[in-house]
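Report on the following structure.
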Protein chains: 2
Amino acid sequence: MTRPLRSRPTLEEVAARAGVGRGTASRVINGGEKVSERARLAVQQAIDELGYVPNAAARALVTRRTDAIALVIAESEERVFGEPFFAGVIRGIGSALAEADRQLILVLAQASRRRGALDEYLTRQHVDGVLLLSLHDDDELPARIRAHGVPLVVGGRAGAEVDHDFVDVDNVQGARLAVEHLLGLGRRHVATIAGPSDMVAGHSRYEGYADAIAAAGVPVEERLVARGDFGQASGEEAMRALLAGGAVDAVFCANDLMAAGALRALGEAGLKVPEDVAVVGFEDAPIAQSTTPPLTTVHQSPEQMGREMVAVVLAATREPGTPQPGRMLPTHLVVRGSA
Amino acid sequence: MTRPLRSRPTLEEVAARAGVGRGTASRVINGGEKVSERARLAVQQAIDELGYVPNAAARALVTRRTDAIALVIAESEERVFGEPFFAGVIRGIGSALAEADRQLILVLAQASRRRGALDEYLTRQHVDGVLLLSLHDDDELPARIRAHGVPLVVGGRAGAEVDHDFVDVDNVQGARLAVEHLLGLGRRHVATIAGPSDMVAGHSRYEGYADAIAAAGVPVEERLVARGDFGQASGEEAMRALLAGGAVDAVFCANDLMAAGALRALGEAGLKVPEDVAVVGFEDAPIAQSTTPPLTTVHQSPEQMGREMVAVVLAATREPGTPQPGRMLPTHLVVRGSA
DNA sequence: GTGGTTGATGGGAGCGTTCCCACCGCTCAC
DNA sequence: GTGAGCGGTGGGAACGCTCCCATCAACCAC
C-alpha cells in the first residue's frame, strides 16, 4: 500500500493495477462494448483485489444523473406508516427502485419545516425524479415541484385537474364491481358508507357506487348514503344511521376498516351477515380476513401501485419534459363470507 | 440568457453576476467568515435572480461528504411499517436528519436481493453513516457494514455482544418498573407473558421481570411464566394458560398487544381487571388507550429513539473510527385503569 | 516612514468520474 | 500495395464545487 489507508482506491489506481488505461477500466465497469476479454478480466481482478467502489459523486457530476429518486410523504407520518396500504406502496417502490439500481430518498415533508429547504432539495441537482404520496386534493406541492422541471409522479391523484403523471387504483371501477355484485345477489336496498369527499378515494368510490346504482335503473336514495372518515368507529356509527333510516339489505363500504365497523353495528342490531345485510368493503386489507364473517372486498394491490409509480417516473426521466400518461390500476372482487 | 435554458446556473455564473470571485461567492453560501456585507448582499441577490441551487455532486466530490445517512431496514417490511413503534422511530430519524440538513436514504434490505449491491452501497462513497433497524439478534449485517469503515448505529441492540454504537430502550428497567408497581399494589402472584427470547425486547423484558421478582425476595415460579410472539392472539392464549396454572393476581405483558389479548382472555374467564387481576403492558402503543379498561403500561418514546440514533451517528461521523458509547433510553410507567 | 497585522478577495488546483477523439494494429477488398 | 473499416485502447478535457494560498488595501505601533 503506497497510498494512505483512509482513502478508497480510485479508478485510476484500478487501471494502473490492471495495466490498462483509465478509459478501458471505465468501460469495463459500465458494461461498455469494445473491451477485450483479457482487459475485462484484468480490470475485474484489480477491482476485487483493491475493493474498489465507484465514487457516486464524481459519476453524478459528469453524467448529470444522481440515480436517486425522492419519495415525498406529505401526509402526516403517523398516518402513512400506520396504514398497511402505504406500507405496501413503499414496499413496491423500494423493490422496483432496487431492481433499477436507483436509490430511494425518503423526504418527510412535515419534518423539514423549512419549505424553502424542501424546494431546494427537490431539484435536478439532487434527485432524478420525485414520487409524491398524498391523500388530499388541496396540496400545492406538486405545482412547486413541477416548476423545478423535475419529473414528478403522484400516487393517488392529487386533484382531479391533473390527468398525467399519476398512478392510482381505479376506484370508480372497483366500487362499481362491488355494487354490481350486491345487485347481482338480488339486493334491493344497497346502501353505501362513503369516505370523506375531499379525498380521491372518498369521492371516486362514491362515484362508482352511484354509477352502478344508476346503471341498474334505480335512483340513488339519499337515505342510503352515509359518510365516515375511513376509521372503524365512523363505520359503526354510519351503519347505525343507515339502519335507522329504513330498509337496507346491502352496504358497500369505501374501505375495510369502516366495513369492520359496520359488521359490528349490524351484529349489535341483531342482524345476520350476509343473510339480512350483505357487506362489501374496499382495499382487501389484512383486517378483511379476520372479521366475522370474513369480508368480501375489492382487492387492490398497493405494492403494484408502488412499482408502477417507479416505472412512470423512470420513463419520465428518459423523456424529460414529456408528460407521462396516468395509469389506472384495475381491481377485482374477492368474495368471502360477507356478501 | 446566453447559456442554454436546460442547464442550471453554476457558482461561477452567480459570482460573475454579483461581480465577485468564485471564492467569495462560495464563502457567502457556506456562511463563511470574512465576507463584506456588500459582497454578501450582491451574491445573495444574484442567487435569487438566477435561482441558483448548489450542485450536490460537485460539493460531495471535494468535501468527501455526501450529507446522506442510510437507514437500513433488515426486518420484513410489512412488519416494520405496520408497527407503530417503527413508524415512530422513522419519524424521529426523519425530523432529526432534516434539522441537521442531512438526507435520509431508505434501504429496504429485502428488496435489494443482491447482497453484493447492498454492501457496495453502504460505503463512504455513497453515505456518511448507516442506521440499522432490526429486531433479531442473529444478523451478520452489522459486521459487514462495519467492515467498510462506515459509521454505524444500531437501533435496538442486535446481539448483546456489542456494547457500543447502539441506541435502545432500557427494557430491563422498564420491566422492573412495571413489576415493582404490581408488587407495590400488594399483588402476590405476579405472572408474565414474555416475548420471543430471540428478540432483545423479548428476553430483556423478561430479565427485568425476573430481577424485580427476585429483588422482592420471592422466587420466580415456573408456572407464572408464559410466552407469546408479541401478537394479540398469542397473548390471549398465554393468559388462558396462566389461569389454568393456578392463582394469579397480576400479569406483566412484554407488549401492549399481548396485554390486550390477556384482557380479552380475562374477560372471558369472568375475571375483573384490575380487581381480580392487574395487568401492565409495555410500549404505550395507541391500543393501550382504547382497551377496556385502559392499559397501564411502560411508556417508551420511539421518536426519541430515532432522534438519538441520528445524534449518535452524526457524532460518529465527526470522530471516525471512535466507537460511540451506546445509549439506553429511560422509560416510565403510565398508570391507567388496568393496574 | 517602516514593518507587521488583519480583513477581504480572486482564482488555481484538484476531487474522481465519463465522454470523446485520436490513434494503433489488423484484416479485407480492390 | 494501398486505403477503408473496425475492434480495441489511452488519455485530455470537463463536470461544479471547496480549499488554500497569494495578494491587496487599510490600519496600527513604533
Side-chain angles (χ1 to χ4, degrees), chain A residues 3-4 6-44 46-47 50-68 101 120 123-128, chain B residues 3-4 6-44 46-47 50-68 101 120 123-128:
Chain A
R3 65 185 169 64
R6 296 224 45 87
S7 72
R8 314 272 316 175
T10 72
L11 185 58
E12 194 89 45
E13 301 179 61
V14 169
R17 181 170 195 119
V20 303
R22 206 181 347 91
T24 302
S26 175
R27 253 165 259 139
V28 170
I29 288 167
N30 299 299
E33 315 281 285
K34 313 203 177 184
V35 181
S36 69
E37 201 54 25
R38 220 173 63 80
R40 186 185 309 282
L41 258 58
V43 171
Q44 208 55 261
I47 288 175
L50 294 173
Y52 169 77
V53 175
N55 182 309
R59 178 177 288 174
L61 185 57
V62 37
T63 60
R64 289 147 178 290
R65 292 183 320 141
T66 60
D67 285 343
D101 266 308
E120 180 167 313
T123 294
R124 278 250 185 56
Q125 320 283 331
H126 300 261
V127 295
D128 293 346
Chain B
R3 64 183 169 64
R6 294 223 46 87
S7 72
R8 312 273 316 174
T10 72
L11 185 59
E12 193 89 43
E13 302 178 62
V14 169
R17 181 169 194 120
V20 302
R22 201 172 3 85
T24 303
S26 175
R27 251 165 261 138
V28 170
I29 288 167
N30 298 300
E33 314 281 286
K34 315 206 176 187
V35 180
S36 68
E37 202 54 24
R38 219 174 65 79
R40 186 185 311 282
L41 257 59
V43 171
Q44 208 57 260
I47 288 176
L50 293 173
Y52 170 76
V53 174
N55 181 309
R59 178 178 286 175
L61 184 56
V62 37
T63 60
R64 288 146 180 289
R65 293 185 319 141
T66 59
D67 285 342
D101 266 307
E120 179 168 313
T123 293
R124 279 252 183 56
Q125 319 284 329
H126 300 261
V127 295
D128 294 344

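Here the structure is a predicted model, which is why all the values come from computation and not from measurement. Just so it is clear: chains get the letters A, B, ... in the order the sequence lines come, proteins before strands, and each one is counted from 1.
A pairwise comparison of heavy atoms in B:V20 and B:A39 identifies CG1-CB, 4.4 Å as the closest pair. Contact between B:H126 and A:P54 at its shortest, heavy atoms only, is NE2-O, 3.7 Å. When all heavy atoms of B:A57 and A:L61 are compared, the closest pair comes out as CB-N, 3.8 Å. Residues A:A60 and A:T66 share a closest heavy-atom pair of CB-CA, 4.3 Å. Here the shortest heavy-atom pairing between A:R8 and A:G51 reads NH2-O, 2.9 Å.
Atom CZ of B:R65 and atom C1' of D:dC17 are 13 Å apart (whole Å). Computed from coordinates, the A:R40 CZ to D:dG7 P distance equals 14 Å when rounded to whole Å. Taking atom CG on B:L61 and atom P on D:dC19, their separation rounds to 12 Å, with Å as the unit. What separates CZ of A:R64 from C1' of D:dC15 is a distance of 6 Å, to the nearest Å. Whole-Å rounding puts the A:E12 CD to C:dT17 P distance at 9 Å. At whole-Å resolution of the value, CG in B:L11 and P in C:dC15 are 19 Å apart. Summarising the geometry, the separation between CG on A:N55 and P on D:dG16 is reported as 16 Å, rounded to the nearest angstrom.
Put simply, the side chain of A:R8 and the base of C:dG16 share no donor and acceptor less than 3.5 Å apart.
At the phosphate of D:dG7, OP1 or OP2 sits under 4.0 Å from a side-chain N or O atom of A:K34. Contact annotation: A:S36 reaches the phosphate of D:dT9 (side-chain N/O to OP1 or OP2, under 4.0 Å). Checking the phosphate oxygens (OP1, OP2) of C:dT18, a side-chain nitrogen or oxygen of A:N30 falls inside 4.0 Å. For A:S26 and C:dT18, the shortest distance from a side-chain N or O to OP1 or OP2 is below 4.0 Å.
If you find the closest nucleotide of DNA chain D to B:A58 and to A:E37, the one lying nearer the 5' end belongs to A:E37. For the pair B:Q125 and B:R38, nearest-nucleotide mapping onto DNA chain C gives the more 5' position to B:R38. Comparing B:R22 and A:R22 by the nucleotide of DNA chain C whose heavy atom lies nearest to each, the residue mapping closer to the 5' end is B:R22.
Residue A:T24 places its side chain closer to D:dT9 than to any other of C:dA8, C:dG16, D:dT9. Side-chain proximity of B:R27 to D:dC17, D:dC15, C:dG10: nearest is C:dG10. With D:dT9, D:dA13, D:dC17 as the candidates, the nucleotide lying closest to the side chain of B:R59 is D:dC17.
A side-chain donor-acceptor contact under 3.5 Å links B:T63 to the backbone of B:R59. A:N55 places no side-chain N or O within 3.5 Å of a backbone atom of B:Q125 that could act as its donor or acceptor partner.
Between the axis at the start and the axis at the end of the helix from C:dG1-D:dC30 to C:dC30-D:dG1 there is an angle of 50°, using five pairs per end and rounding to 10 degrees.
Test B:I29, B:V28, B:V14 against B:Q44 for side-chain contact (heavy atoms from CB on, under 4.5 Å) and you get one pass: B:V28.
Here B:A39 lies in heavy-atom contact (under 4.0 Å) with sugar-phosphate atoms only.
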